[in-house]
Visitor: 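Just dropping this structure here.
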2 protein chains.
Amino acid sequence: MGNNIPDADAELEKSDPEQHLSDFIGYTMTRALSIVRADFARTLSEYNLRAVSFSALSIVVAKPGQTQTQLADALQVERSNLVGIIDELAGRNLIIRAPVAKDRRRHALMPTTAGKELAAAAQASVADHENRVFGCLTKTERAELQRILRKFRKMATV
Amino acid sequence: MGNNIPDADAELEKSDPEQHLSDFIGYTMTRALSIVRADFARTLSEYNLRAVSFSALSIVVAKPGQTQTQLADALQVERSNLVGIIDELAGRNLIIRAPVAKDRRRHALMPTTAGKELAAAAQASVADHENRVFGCLTKTERAELQRILRKFRKMATV
DNA sequence: TATTGTTATACTCTATAACTATA
DNA sequence: TATAGTTATAGAGTATAACAATA
């Protein structure tokens, strides 16, 4: 049973420690996304937004009136964990929890004017961020990357 | 200042709550990767491996003799957090911390025979997982996705 | 003095259960 | 009974500081 002794020279000509791992698309995508996320977080920090609060605000602006459960589903977070995100946005007067007359358990999430303005500004900065970070790819490559990723999201079954 | 009242019908014809967000490659990639990761985690659970311990083991097998600091850099984790990962793999006798004669502060990370075997088996399963999860894409699309992601990793500067 | 591995710790994220008020 | 929002909590994951051994 292998209690190997350090073998100083064998295999050391291989300079890439990721060799096998980078054969996997999932690994390459993970590393690529971590580069994107670093710049994305920097971009959103100007607005004191995290990725998830940016997404939440954007969705509330794009589709006002959703309940917290619906928004949690759209964001793929537990509805218990959405509470703090909504608290954060509502505390900054970017959205409000409006009562729903027909069902008093529910809150209709509505953007305020300030929320719409911040969402628009942040979205413009995120668009700049994407142009910056993906600037090393050609327009064709960016479009192809989006197309393939969208197809994957739509078609993947596992 | 906008204390908007729920506007029951306006905008409700829009059925996709992600509308603006899915214009961003980063958003699409995040969602795509979360699909991949779910199946990846399922695959590795057969071997009682997490993503990070699979990566660590794979790198130790591919390039034996690295120190913990070098491996931490390769994995992009803090070296303090690598300790537990190495403890886990060493506790299962998959790798060993071999002493380095020239510098007694360092450990040379070496795979055991069992570690090499588990890495090979897990890597085969991960290859199956990739074929399964990306089966909805054509071979050309998968190759193109890999090519673009690799170019991005190599070229991205931000 | 600086570096390697380590410990301790704190902060964020995520997941689950249980509560309340409403239906 | 069931559902929407909430609270509490536990488990990961991640980041920082400080320590002992060694260079």
Side-chain angles (χ1 to χ4, degrees), chain A residues 6 26-27 30-31 33-38 40-42 44-45 48-56 59-60 64-91 95-110, chain B residues 6 17 30-31 33-38 40-42 44-45 48-56 59-60 65-91 95-110:
Chain A
Y27 185 83
T30 296
R31 289 305 189 91
L33 194 53
S34 93
I35 296 171
V36 176
R37 280 179 170 156
F40 184 55
R42 262 193 302 277
L44 290 181
S45 69
N48 291 308
L49 288 172
R50 296 174 294 155
V52 71
S53 43
F54 169 75
S55 297
I59 291 177
V60 170
Q66 286 190 108
T67 66
Q68 293 187 191
T69 297
Q70 288 171 327
L71 181 59
D73 287 346
L75 289 170
Q76 291 188 157
V77 302
E78 292 297 318
R79 71 192 201 286
S80 62
N81 292 326
L82 184 63
V83 176
I85 298 164
I86 300 301
D87 284 349
E88 174 191 327
L89 295 172
I95 66 174
I96 59 167
R97 287 171 165 111
V100 174
K102 300 172 187 172
D103 186 342
R104 293 168 55 207
R105 293 172 304 181
R106 297 181 180 179
H107 298 160
L109 299 172
M110 305 296 299
Chain B
T30 296
R31 288 308 189 89
L33 194 54
S34 95
I35 296 170
V36 176
R37 280 179 168 154
F40 183 55
R42 261 194 303 277
L44 289 182
S45 69
N48 291 308
L49 288 172
R50 297 175 292 155
V52 70
S53 43
F54 169 75
S55 297
I59 291 178
V60 170
Q66 287 191 109
T67 66
Q68 292 187 194
T69 297
Q70 287 172 328
L71 181 59
D73 287 347
L75 289 170
Q76 290 188 161
V77 302
E78 292 298 319
R79 72 191 201 285
S80 61
N81 292 326
L82 184 64
V83 175
I85 299 164
I86 299 300
D87 284 349
E88 175 190 327
L89 295 172
I95 66 175
I96 59 166
R97 288 172 164 110
V100 174
K102 301 171 187 175
D103 185 343
R104 291 167 56 205
R105 293 172 304 182
R106 297 182 178 178
H107 299 160
L109 299 172
M110 304 298 297

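Just the heavy atoms: all of them, side chains too, but no hydrogens, waters or symmetry mates, feed the values below.
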Visitor: Indicate for each nucleotide in nucleotides 18-23 of chain C, in 5' to 3' sequence, whether protein heavy atoms under 4.0 Å reach the base (B), only the sugar-phosphate (S), or nothing (-).
Guide: ---BBS
Visitor: Would you indicate which nucleotide in dG5(D), dT7(C), dT4(C) comes nearest to any side-chain atom of Val83(B)?
Guide: dT7(C)
Visitor: Output a table of donor-acceptor pairs, distance under 3.5 Å, between side-chain atoms of residues 73-85 of chain A and any protein atom two or more places apart or on a different chain; print 'none' if there are none.
Guide:
none

Visitor: Provide the closest heavy-atom pair for Ala108(A) versus Gly65(A) in the form atom of the first, atom of the second, distance.
Guide: CB-O, 3.8 Å
Visitor: Using a cutoff of under 3.5 Å, can you pull out all pairs of nitrogen or oxygen atoms linking the protein to nucleotides 11-13 of chain D, with atom names and distances?
Guide:
residue, atom, partner, partner atom, Å
dG13(D), OP2, Arg50(B), NH1, 2.4

Visitor: Just how far, in rounded Å, is P of dT4(C) from CD of Gln68(B)?
Guide: 11 Å
Visitor: Check the distance between dT9(C)'s P and Glu78(B)'s CD and give it to me in whole angstrom.
Guide: 18 Å
Visitor: Return the minimal non-hydrogen interatomic distance between Arg37(A) and Thr30(B), and the atom names on each side.
Guide: NH2-CG2, 3.2 Å
Visitor: Using the side-chain hydrogen bond (donor to acceptor under 3.5 Å, both in side chains) criterion, which residues pair with Arg105(A)? Sequence neighbours excluded.
Guide: Asp103(A)
Visitor: Tell me, please, which residues at least two apart from Arg104(B) pass salt bridge (charged side-chain N to carboxylate O under 4.0 Å, His left out).
Guide: none
Visitor: Nearest-Å distance, CG (Asp73(A)) to P (dA15(C))?
Guide: 13 Å
Visitor: What's the CD1-P distance between Ile96(B) and dG5(C), to the nearest Å?
Guide: 15 Å
Visitor: Let me know the distance between CZ of Arg97(B) and C1' of dG5(C), rounded to the nearest Å.
Guide: 8 Å
Visitor: Taking all non-hydrogen atoms of both residues, which atom of Glu88(B) and which atom of Asn48(B) are closest, and how far apart?
Guide: OE2-O, 4.3 Å
Visitor: Starting from C1' on dC13(C), measure out to CD on Gln76(A) and report it in whole angstrom.
Guide: 15 Å
Visitor: List for me each residue that meets side chain to side chain contact (heavy atoms under 4.5 Å, CB included) alongside Ala51(A), sequence neighbours excluded, and say none if there are none.
Guide: Phe40(A)
Visitor: Specify the closest pair of heavy atoms between Ala56(B) and Leu89(B), including all atoms of both residues, with the distance to one decimal.
Guide: CB-CD1, 4.0 Å
Visitor: Take atom CG of Leu44(A) and atom P of dT12(C), then tell me their distance rounded to the nearest Å.
Guide: 16 Å
Visitor: Using whole Å, what does the distance between atom P of nucleotide dT14(C) and atom CG of Asn81(A) come to?
Guide: 7 Å
Visitor: If we ignore hydrogens and angles and just use 3.5 Å, is the side chain of Ser55(B) paired with the main-chain N or O of Val52(B) as donor and acceptor?
Guide: no
Visitor: Tell me if the side-chain of Ser80(B) makes a donor-acceptor pair with the base of dT14(D), cut-off 3.5 Å, by modelled atom types.
Guide: no
